[in-house]
Amino acid sequence: MNFSSYYAQLKYLAPELSLVVFSIVALCVHMFSKKEANKIVKFAAITGLIASLIILFDTPLSNNPLYSGSIIIDGFSFFFKIIFLLSGIMTIMLCYRFYNFEGSEIGEIYYLILFAIVGMMFTVSSVDLITFYVSFETFAIISYLLAGAFKKDLRSAEAGVKYFILGILSSAIMLLGMAFVYGLTGETNFYKISSALPQADLTLALVSMAFFFVGLFFKIALVPFHMWTPDVYEGTPTPIVVLFSTAPKAATFAVLARLIMTVFSGYQFQWSIIFTFIAVVTMFWGNLAALIQNNVKRMMAFSSIAHAGYIMIGFAAWGTLSITAIMFYLIVYLFMNTAAFALIILVQKKMGFGENVDDLKGLARRYPMVAGCIIVVLLSLTGMPPTAGFIGKYYIFTAAVEKGFYLLAVAGALNSVISLFYYFRIGKAMFMETGTEELSDKNISFVKSVIVACSIFILYAGIFPSKLTEFISSIAIK
Amino acid sequence: MIPNNLVIGTGLLIFLIGLIGMLIRKNLIIILMAAELMLNGVNIILAGFGLFHRTASGSIFALFVIMIAVAEAAVGFALILSYFRHKETYNLDEINDLKG
């Protein structure tokens, strides 16, 4: 392969490249100008995300690996790139209100978010160990920075340090697993490893697989690698949590799907057992721990752990049905979680006050439309019809039953019932209790529009799921 | 010629020292050093496997890991410093303001 074909392949990377250009522009503007430049930086960031989304739809797809077999731009990665860009756009929209009541703005986060999204976009496209490791660490390291970015708040600094220490520990263990995979096969390409790994020693292959999964499970926050989640989510600025709880998780799930399709495809029996065990433990732990939380941010942290557990059911019962279910659930989860955290931003006050369930009292009287939309979101999080959350859970449980994992489906349904109790607490506080009347809030139009848009999507995908399902099954990896 | 087992064994030993250091030490700076030790242990393992398979990708992988390790150290020191400005401590046991 010569250089001219490398240039010709650049057209496949147009969305990533445009995002890089915009983030460098934002970086330079922020670096060389005064404090008032934050508006320009924010504008450049959100323009870059929207431009990248538009370019993404014009980018050709190819089922053959590009760049000497290190990157693949297929329908599967296309779908996940949509999730990341949407998550980034909504995060920046929510930043507006957050930094308004905090009174000081950190301009760095806008281009850091862009760089992190570039890292995630390359992660879902990578089919080579080296490309995967570099792009995975790109967004992982930026996540540590984003968690600690709000320097004047002690809680943010602490969240950054905690996330960093646990993150580098897990990623070093994952790197050891990758080194073993390379050592067993002598290859770094996923497809070549896939054909070479079955000849290797079974025990060593399983050990390397376990090490590899540690890093991924940590990023998804599955029990027993979830300890960082509540602390980091509580300390991190809330708009950043919107990004943390959706985009990196989706990226890691995509990588996990690609790995079990290629590298570890010969060990389905073994990883199916691991995933089954982890799915059950994660669901129960997340939902039971969420029951006793008073801080809504911590409650939603445990709720996101539980949702990762539901998605792991799909991974345990791997098949064509479950891959569609997982992708459907992930995009619905993006909108549900964003709306729930947007609610927290709406009621939050300076320096982390107003995050408790009691602070939601009487919200229905203050913002009736928002409260109505949040009811849709809460129903969807619980998994009740006619919302998209119900359809997502239905697909996942159907996939489990089809593969004979009856107990797993029963455990998932049982957990939906448990989760009803704590989601209902939020609804009860909003509608049935009266709180202090205070209407001094300005600049909430962006938060409101995010919540309304999310709930409209959830209702639409819940009532007419067939269109989305058809789209997903047409681009899912075979 | 150094035997391959020795190279990979040395790498594993260094990785284990780093892992134990990260798990039992309480000082943030020492923990950062232990993390670097883990990554460098993996680098030696990668180079050893590259030698074993007679391919260059092991050493190239190790080069990229070095690059990531530098970025990680830079970010780590920045985060630890920004925490130190709030509470003058490096002790992991005293980082416990977030609790539910």
Side-chain angles (χ1 to χ4, degrees), chain A residues 128-131 133-134 136-138 140-142 144-145 147-169 171-173 175-180 182-189 230-235 289 292-295 297-299 301-302, chain B residues 4 8 11-12 15-16 18-19 22-23 28 31-32 34-50 52-55 57-58 60-65 67-69 71-87 90 92 95-100:
Chain A
D128 185 278
L129 282 181
I130 301 176
T131 319
Y133 179 70
V134 172
F136 186 84
E137 286 295 308
T138 306
I141 290 177
I142 293 176
Y144 314 144
L145 268 181
F150 204 53
K151 286 182 291 189
K152 70 169 193 175
D153 190 350
L154 169 66
R155 303 182 315 148
S156 175
E158 184 179 328
V161 171
K162 278 186 177 167
Y163 195 14
F164 174 75
I165 291 171
L166 294 172
I168 54 175
L169 178 63
S171 81
I173 294 171
L175 182 63
L176 185 68
M178 289 163 75
F180 279 170
Y182 167 69
L184 289 172
T185 57
E187 300 284 351
T188 56
N189 186 291
D231 284 355
V232 169
Y233 281 20
E234 192 191 343
I292 55 166
Q293 302 298 326
N294 269 323
N295 184 314
K297 252 171 135 178
R298 287 186 89 89
M299 190 193 276
F302 283 110
Chain B
N4 260 306
I8 293 162
L12 268 179
F15 181 88
L16 275 179
L19 183 66
M22 272 202 92
L23 294 177
L28 284 174
I31 285 174
L32 207 59
E36 294 296 307
L37 220 53
M38 284 171 85
L39 290 179
N40 286 328
V42 177
N43 280 343
I44 295 173
I45 295 172
L46 279 169
F49 280 138
F52 174 71
H53 288 294
R54 301 268 158 213
T55 53
S57 35
I60 294 170
F61 203 158
L63 279 177
F64 278 102
V65 175
M67 182 190 78
I68 296 288
E72 227 167 48
V75 167
F77 278 118
L79 286 171
I80 292 171
L81 197 64
S82 105
Y83 184 78
F84 191 74
R85 286 195 179 135
H86 284 284
K87 258 177 127 181
Y90 287 126
L92 203 61
I95 308 183
N96 52 9
D97 287 281
L98 293 170
K99 252 182 198 162

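In the text below, chain A, chain B and the rest are named by the order of the sequence lines, each starting its count at 1.
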Cut-off 4.5 Å, heavy atoms of chain B, and the answer for A/I142 is neither

Ranked by heavy-atom pairs below 4.5 Å to chain A, first place among B/L12, B/V65, B/I31 goes to B/V65

Against chain A, residues from residues 39-49 of chain B with at least one heavy atom under 4.5 Å, in numeric order, are B/L39, B/V42, B/I45, B/L46, B/F49

The side chain to side chain contact (heavy atoms under 4.5 Å, CB included) partners of B/L37 (sequence neighbours excluded) come to B/I14, B/I17

Distance col, row B/L79:CG vs A/E158:CD, nearest 0.5 angstrom, shows 12.5 Å

Heavy-atom nearest pair, A/I168 first then B/A35, reads CD1-CB, 3.3 Å

Donor-acceptor pair, distance only, cut-off 3.5 Å: does the side chain of B/H53 make one with the backbone of A/E187?
no

Applying a strict 4.5 Å limit to non-hydrogen atoms, the region of B/I8 in contact with chain A is neither

Heavy-atom nearest pair, B/E72 first then A/E137, reads OE2-OE1, 3.0 Å

Taking the side chain as every heavy atom from C-beta outward, state whether A/L175 and B/F61 have any pair of such atoms under 4.5 Å apart.
yes

Honestly, the part of A/S171 sitting under 4.5 Å from a heavy atom of chain B is side chain

Whatever's closer than 4.5 Å to a heavy atom in chain A on B/F15 counts as side chain

With chain B, the option among A/F180, A/Y144, A/Y133 that has the most non-hydrogen atom pairs under 4.5 Å is A/Y133

Taken to the nearest 0.5 Å, the spacing of A/I165 CD1 from B/L92 CG works out to 5.0 Å

Whatever's closer than 4.5 Å to a heavy atom in chain B on A/L129 counts as both

Minimal heavy-atom distance between B/M38 and A/I173, with the atoms involved, is CE-CG1, 4.3 Å

Item to check | Side-chain donor/acceptor of A/Y182 to backbone N/O of B/G58, under 3.5 Å | outcome: yes

